[in-house]
Undergrad: 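For reference, the structure I am asking about is given below.
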There are 2 protein chains.
Amino acid sequence: MRLVIANCTVDYSGRLDAHLSEAVRLIMVKADGCISIHADGGAYKPLNWMNAPNSIHESTDDDDELTWLVTNDKNEKLTIKLHEIISDFSQDMGIDPGLQKDGVEAHLQELLAANVDKISDGMVLVRREYPTDIGPVDLLCRDDKGEAVAIEIKRRGEIDGVEQLSRYLDYLNRDGNLRPVSGIFAAQEIKPQARVLAEDRGIKCLLLDYDELRGIESDELKLF
Amino acid sequence: MRLVIANCTVDYSGRLDAHLSEAVRLIMVKADGCISIHADGGAYKPLNWMNAPNSIHESTDDDDELTWLVTNDKNEKLTIKLHEIISDFSQDMGIDPGLQKDGVEAHLQELLAANVDKISDGMVLVRREYPTDIGPVDLLCRDDKGEAVAIEIKRRGEIDGVEQLSRYLDYLNRDGNLRPVSGIFAAQEIKPQARVLAEDRGIKCLLLDYDELRGIESDELKLF
DNA sequence: TATTACATGTCGACC
DNA sequence: GGTCGACGTGTAATA
């Protein structure tokens with residue numbers, strides 16, 4: 001990794017056009033060639049960047065001013081004029097062992113799939129990722145009366161997720177072998193508007209507690 | 001901005017749980033306190049981060065090992081154990097003058113608004129950003145028969161955009177002065193699922209060619 | 001390769 | 001603070 005702190009101006013042209021006027025910024029060049037330009041504030045997103053693969057071409061103009069021209073094969077171009085280099089530091093880091101995550105949607109789905117009987121007595125899982133023409137339903141179950149129940153799982157339950165489940169229900173209810181299919185919208189957090197929309201459409205909401213799901217003890221989950 | 005290169009392990013707990021095993025990484029601390037941890041590859045997204053506002057607490061354990069504990073008021077916690085510091089560099093950068101952008105959806109809307117007659121003969125623009133209680137419709141037009149047409153414009157046409165237009169159409173069709181209102185879903189690129197859903201709902205799809213719109217010559221746009 | 005849906009999405013605008 | 005829509009979204013999995 002190479003870290004250059006410099007007074008610079010930057011132009012990007014590609015998916016849109018963008019310009020950065022002269023200021024001191026950090027220019028980060030990673031081992032794979034990707035490059036990002038950071039200001040001293042504003043979260044982690046860089047002001048400009050160019051992902052790998054790309055090619056970096058360095059040149060010097062008449063005024064001894066350094067320019068980096070970064071291009072890729074998608075017609076994107078990043079031009080960095082380095083007016084004054086304040087610091088230039090390189091360090092080899094090797095390959096990162098990588099990030100282990102726990103608690104993303106796939107994990108929630110796995111846990112809930114193993115505990116559908118906790119949603120209501122007699123509920124059984126038919127299958128995960130039940131396929132339809134408009135995409136897979138997270139969980140398809142049958143309740144104690146043998147009626148089909150489609151479950152959509154989100155980490156954050158917003159209005160889009162309710163729309164998505166509604167589409168699945170529309171679709172599934174056209175299938176004579178499944179009809180009638182009811183819906184459960186399950187999420188760690190359900191936004192008020194999503195809850196209102198779900199209830200308006202006869203979809204039940206289920207608030208998931210990750211720790212509770214992980215712990216075996218969990219009581220019955222609370223449907224409402 | 002402070003740049004620390006160190007052999008470190010990191011744990012994040014908050015929206016999910018994540019763990020980074022020991023390796024050499026860059027730790028970036030910006031002037032606003034936000035912090036990000038970068039590996040030497042993998043585009044611009046850091047492995048872990050914590051946005052401002054937060055509070056950073058530094059401590060030393062029995063083995064003289066440095067730990068940074070970063071917390072915020074949303075119950076997120078980032079723990080960085082610094083086993084060995086290879087480099088520690090600070091530089092004041094001042095406030096960045098900021099990024100100027102040019103050429104996104106607003107531009108597409110502008111171009112299409114000026115060329116609604118190219119969509120079909122006799123089409124006239126009623127207004128851009130036609131207001132409704134559930135948000136503004138990108139373009140409201142009337143066709144050669146005087147019937148209202150709502151147009152939703154996207155750079156990338158996905159299923160959500162079709163839902164959005166559907167909501168507008170539901171709403172507009174309750175208005176006796178407008179009814180019947182038909183819909184056109186216009187985008188530079190339309191995903192297959194979005195197209196299927198649109199057609200299922202009687203919404204026409206319109207593929208926009210940015211260069212063609214910009215060039216005055218453009219033939220009639222092709223509705224399908 | 002392209003298509004899809006997730007993301008600690010982030011970010012801004014508006015209410 | 002919550003919702004909504006755009007993003008140079010990026011990214012991984014899947015077909």
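Each chain gets a letter, A, B and so on, in the order its sequence line appears, and its residues count up from 1. Source: prediction; values computed, not measured.
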Undergrad: Rounded off to whole Å, could you give me the CG-to-P distance for the A:Asn54 and D:dG10 pair?
TA: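 Taking CG of A:Asn54 and P of D:dG10, I get 13 Å after rounding.
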
Undergrad: Say we look at C:dT8 and C:dT4: how far apart would their P atoms be, to the nearest angstrom?
TA: 22 Å

Undergrad: Using side chain to side chain contact (heavy atoms under 4.5 Å, CB included) as the criterion, list what pairs up with A:Arg179, not counting sequence neighbours.
TA: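 If we apply the side chain to side chain contact (heavy atoms under 4.5 Å, CB included) test to A:Arg179, skipping adjacent residues, the hits are A:Asn173.
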
Undergrad: Report the C-alpha distance between A:Asp102 and A:Arg214 in whole Å, list the side-chain angles of each, state the deciding distance to 0.1 Å, and finish with yes or no for salt bridge (charged side-chain N to carboxylate O under 4.0 Å, His left out).
TA: CA-CA 11 Å; A:Asp102 180 26; A:Arg214 203 159 34 177; 2.9 Å; yes

Undergrad: If I take atom CD1 in residue A:Ile190 and atom P in nucleotide D:dG2, what distance separates them, rounded to the nearest angstrom?
TA: 15 Å

Undergrad: For A:Leu108 versus A:Lys154, what's the shortest heavy-atom pair and its separation?
TA: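 In this case the closest contact between A:Leu108 and A:Lys154 is CD1-O, 4.0 Å.
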
Undergrad: Heavy atoms only, 4.0 Å cut-off, all strands: where does B:Gly161 land among base, sugar-phosphate and nothing?
TA: nothing

Undergrad: Report the distance from atom CD of A:Glu129 to atom P of D:dA12, rounded to the nearest whole Å.
TA: 18 Å

Undergrad: Among all residues two or more places apart in sequence or in another chain, which pass the side chain to side chain contact (heavy atoms under 4.5 Å, CB included) test with A:Val196?
TA: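 Here no residue qualifies.
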
Undergrad: Which pairs of donor and acceptor atoms, one on a side chain in residues 181-188 of chain A, lie under 3.5 Å apart (sequence neighbours left out)?
TA:
none

Undergrad: If I take atom NE2 in residue A:His38 and atom C1' in nucleotide C:dT10, what distance separates them, rounded to the nearest angstrom?
TA: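 So the NE2-C1' distance, A:His38 to C:dT10, works out to 14 Å.
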
Undergrad: Please enumerate all residues that pass side chain to side chain contact (heavy atoms under 4.5 Å, CB included) together with B:Tyr130, with sequence neighbours excluded.
TA: B:Arg127, B:Thr132, B:Val137, B:Leu140, B:Leu172, B:Leu178

Undergrad: What is the separation between atom NZ on B:Lys74 and atom C1' on C:dT10, rounded to the nearest whole Å?
TA: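 From B:Lys74 NZ to C:dT10 C1': 11 Å.
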
Undergrad: Could I get the full list of ring pair (Phe, Tyr, Trp, His ring centres under 6.0 Å) partners for B:Trp68, not counting sequence neighbours?
TA: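 Here no residue qualifies.
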
Undergrad: Using atom CG of A:Asn51 as one end and atom C1' of D:dT11 as the other, report the distance to the nearest whole Å.
TA: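 Distance, rounded to whole Å: 10 Å.
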
Undergrad: If you measure from the P atom in C:dA5 to the same atom in D:dG8, how many Å do you get, rounded?
TA: 22 Å

Undergrad: Quick one, give me the B/S/- string for nucleotides 1-8 of chain C, reading 5' to 3', where B means a protein heavy atom under 4.0 Å from the base and S means that only happens at the primed atoms, P, OP1 or OP2.
TA: --SBSSSB

Undergrad: Whole Å only: how far is the CD atom of A:Glu163 from the C1' atom of D:dT3?
TA: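 Distance check: A:Glu163 CD to D:dT3 C1' gives 14 Å.
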
Undergrad: Taking ring pair (Phe, Tyr, Trp, His ring centres under 6.0 Å) as the test, write out the residues that go with B:Tyr44, two or more places apart.
TA: A:Trp49

Undergrad: When rounded to the nearest Å, what value does the distance between C1' atoms of C:dC6 and D:dC7 take?
TA: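 My reading of the C1' atoms in C:dC6 and D:dC7 gives 15 Å.
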
Undergrad: Name all residues meeting the side chain to side chain contact (heavy atoms under 4.5 Å, CB included) criterion together with B:Gln100; count only those two or more places apart in sequence or in a different chain, and write none if there are none.
TA: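 With neighbours one apart ignored, the set is A:His19.
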
Undergrad: Using nucleotides 12-14 of chain C, report all nitrogen or oxygen pairs with the protein that are shorter than 3.5 Å.
TA:
none

Undergrad: Whole angstrom is fine here: how far is it from CG in B:Asp160 over to C1' in D:dC4?
TA: 11 Å

